[in-house]
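This report refers to the structure that appears directly beneath it.
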Amino acid sequence: MFMLIALSIRDFVLVRSLDLEFPDGFSALTGETGAGKSIMLSALGFALGASARSGPASGLVRAGATRALVSASFEPPSEHPVWRALETHGVEASPDDILVLKRVVKRGGAARGFINDQTVSARLLEEIGAHLVEVHGQHASHALMDPARHGPLLDAFCELDPQLKACAAAWRTWRSAIDARAALDARRNRRAEDLDYLTHALEEIDILDPQTGEADQLAAERAYLQSEEQSAAALSEALAVFGRNGVEAQLASAAKALNRAVGSPAIAHAPVDAELPRKLHQACEALERALIEAYEATSAVNAAQAEISLSPDVLERVEARLFALRALARKHDADPNHLPRLRETIALQLAEIESADISAANAAAAERAARNAYDAAAEDLSERRAVGAAKLEKAVARELKPLKLGRAKFRVSLTRKPLGAAGPAGWDEIAFEIATNVGSDFGPLDKIASGGELARFALALKVCLARSGDAQTLIFDEADVGVGGATAAAVGARLRRLARDRQVLAITHSPQVAAAADAQWRISKSDKAGAAETRVVDLAPDDRLEEIARMLAGAEITAEARAAADRLLALR
C-alpha cells in the first residue's frame, strides 16, 4: 500500500535527532500533555511546506543548533496523480524510486525545500504534499473543509468517473461548436461589409478577362515589337543616306571620267611599263567593284525593309493590354500573371457570402445539438449526484451519533450554477454543510463550534469517503478531544476501519483510541544538558500495555489499570 514510510528529524524545535519508520495500517502517537506530540505533526507539516505561512521558519531551529532538517519518505504507486504533478512542474522523479520531500532551514535564514534533492519552492512542496498526506484536527486545515474539494469528493463517493468523462467530452464539443459558429459569424460579418468591393473587383477582372501567364507573353511581344521598330528606323535612315548623297550616281560619274582618261591618246600610246596607265586601270577596276557593292547594298537594305511588316497599331494594342493588366494587378497587390487565380479567390469569397446563411444555420444547428448533448450529460450527472448525496447524508448521519454528534445534521447542498459558470464537470455547485444543533441553520463545515467536534465530524465524513481523495496517509490530531468511554471507542473503531484502505496516524490522549491501533509510539520530553528534548519510542507489546494503563490510571499505574488496558487491547 502507498504510505508514508519514514520521517527523519534533526534539530527541529525540541527534537535533537529522530528517525521513524511507519508501518502500514493504524498507528497511534501517545504521551503526556506537553510531551511534544504536536511537534511531530509540525515537523511533518514543515517537510511538506505547510509552515511557509507561519512566520520566520528559522524559529524552528532547536536551541544550540545552527540548522533544522526534516525529511519525509513516501512510496506512491506508479499510477498515483503525484507523479503527473511532479512531471508538470519539471521535477525528475521515477515511480521506481522512493519519493523524498525535505526541508532545511538555517538559524537566521530562509527555509529551502527539496524533492529528491532537487530544489523546489515551499508552494510546490505544499502542493505535492497535499497529494500524499491529509491532516484532520482541531486547528489543521484540510481538504474536507475546502468547498472546492466537495464536488470531487462527492463524485468519487458516487463513482461517477465515466459520467464525468462523458460530460467533459460533451462540454468540449459544445465549446468547439460555439467557437466555430462565432468564427463563422465574424467571417460572415466581415465579408458582408466587403460585398460591394468584391463584386466590383470581380466585374473588373471579368471585363479584362486575363489569362494565366498572359502578362509575361505580352511583355515578350512588346519587347520584340519595340526591337523591330528600332530596326525599321535604322534601315530607313540608311536608305535615306543612300538617296540623299547619290552614292551610286557619283560612283558612276567617277567611273566614266576615269574611263575617258584611260582612253586618251596619251595613256593609250604610253609605254607598256609606264606607271600611270597601270594605276588608272586599277582605279577603274576599284570603282567598278564599288559601284557593284553599292548596288548590292541598296538592294539588300530594300529587301530587309520589305521583310519588316511593322504596324504601330499592333504595338499600341500590346502595350495598352499589358499596362491594363499591370494596373489591375497593382490595385490588388497581385502578380499580373496570377490575376485568373485572384478571380477564383474572389469568386469563392462571394460564393461563401452568398451561402453564409446556410452555413450559419448549419453552425447554429450544430451548436444547439452540442448544447443539448451537454445538457443531457450534465443533467445525468446532477441526477446521479442527488442520489449519491442522499446516500452520503444517510451514511454520515449513521456515523455522527456514536461520535457524540447525534444532534448535528449533515447535508450536501446541490445548486445549479448559471449557464456561464457551468463547466466540464457539469453545472452543480456542491457544498458540504452542517447544522450543529436542532433548529439551527445549515452552514459551512468550518463553522462547527469546537475543535473537538470538527475533528470528530471530519472523521465521520472521512469514514464515509474512505476511497475518495489522492492522499492515502491520513493524520488525525486529537479527534477524541472532549469524549471518552464509548465515544472514544467509536473514534478508535472508525480509525481502524479507515486503516483498511489507508495508512492512518492518530495523535491521541484516549486509551480506547490507542488500543484500537495496530502500532503505538510514546512521545516524551526530557531534559538533557539543561535543554528540553522530545523523544519517540516504538512500543513493544508489554510497553504498550503499560502506556495504555498509564493513560487509564494517570501517574500511578494500578493492577486494575493494567487489566483494563489488557481488555482494551484484546478488543482489537
Side-chain angles (χ1 to χ4, degrees), residues 1 3-4 20-33 35 37 40 136-138 395-406 452-453 455-467 472-524 536-572:
M1 178 190 292
M3 59 181 179
L4 170 67
L20 297 177
E21 293 184 1
F22 293 91
D24 198 355
F26 173 23
S27 301
L29 284 79
T30 62
E32 295 181 358
T33 300
K37 295 186 293 298
M40 304 300 299
H136 303 273
Q138 298 183 68
V396 172
R398 286 193 299 268
E399 297 295 331
L400 292 179
K401 187 174 182 179
L403 296 174
K404 207 177 178 179
L405 291 169
E453 286 179 335
R456 278 180 279 129
F457 182 81
L459 173 59
L461 192 53
K462 194 61 189 179
V463 167
C464 298
L465 298 171
R467 292 180 174 83
Q472 291 189 4
T473 294
L474 308 179
I475 299 177
F476 289 86
D477 183 15
E478 301 189 14
D480 50 79
V481 167
V483 299
T487 303
V491 171
R494 278 148 183 79
L495 290 171
R496 189 170 180 84
R497 193 193 313 170
L498 270 178
R500 296 172 187 170
D501 300 303
R502 305 291 174 102
Q503 180 189 32
V504 176
L505 305 177
I507 297 173
T508 180
H509 287 285
S510 167
Q512 290 88 350
V513 173
D518 299 304
Q520 184 174 348
W521 285 280
R522 182 177 64 236
I523 302 176
S524 61
V536 179
V537 177
D538 185 2
L539 298 179
D542 291 343
D543 294 329
R544 187 175 180 190
L545 178 67
E546 287 294 303
E547 173 66 7
I548 293 176
R550 181 200 62 76
M551 297 171 73
L552 286 166
E556 183 178 347
I557 302 175
T558 63
E560 290 80 2
R562 289 189 177 91
D566 190 48
R567 285 194 297 272
L568 286 177
L569 289 168
L571 292 175
R572 286 188 299 118

Nearest heavy-atom pair of [X] and [Y]: which atoms, and what distance?
X      : Y      : value
Phe22  : Gln503 : CB-NE2, 3.5 Å
Ala519 : Pro23  : CB-CG, 4.0 Å
Gln520 : Asp538 : O-OD1, 3.5 Å
Ala516 : Phe26  : O-CD2, 3.5 Å
Ala549 : Ile557 : CB-CG2, 3.6 Å
Val513 : Ala488 : CG2-O, 3.4 Å

To the nearest 0.5 Å, what is the distance between [atom1] ([X]) and [atom2] ([Y])?
X      : Y      : atom1 : atom2 : result
Arg567 : Ile548 : CZ    : CD1   : 12.5 Å
Asp24  : Asp518 : CG    : CG    : 8.0 Å
Met551 : Thr508 : CE    : OG1   : 5.0 Å
Leu495 : Ser27  : CG    : OG    : 11.0 Å
Ile507 : Asp477 : CD1   : CG    : 4.5 Å

Next item on the list: Determine, step by step, whether Arg544 and Glu547 satisfy the side-chain contact (heavy atoms from CB on, under 4.5 Å) criterion, reporting the C-alpha distance in whole Å, the side-chain angles of both residues, the deciding distance to 0.1 Å, and the verdict.
Entry: CA-CA 5 Å; Arg544 187 175 180 190; Glu547 173 66 7; 5.6 Å; no
Heavy-atom side-chain proximity of [X] to [Y] below 4.5 angstrom:
X      : Y      : value
Pro511 : Leu568 : yes
Leu498 : Leu459 : yes
Phe476 : Lys462 : yes
Val536 : Leu20  : yes
Leu505 : Leu4   : yes

Validation: residues 399-406 side-chain donor-acceptor distances under 3.5 Å, sequence neighbours left out:
unit_1, atom_1, unit_2, atom_2, d
Glu399, OE1, Arg494, NE, 2.4
Glu399, OE1, Arg494, NH2, 3.4
Glu399, OE2, Arg497, NH1, 3.0

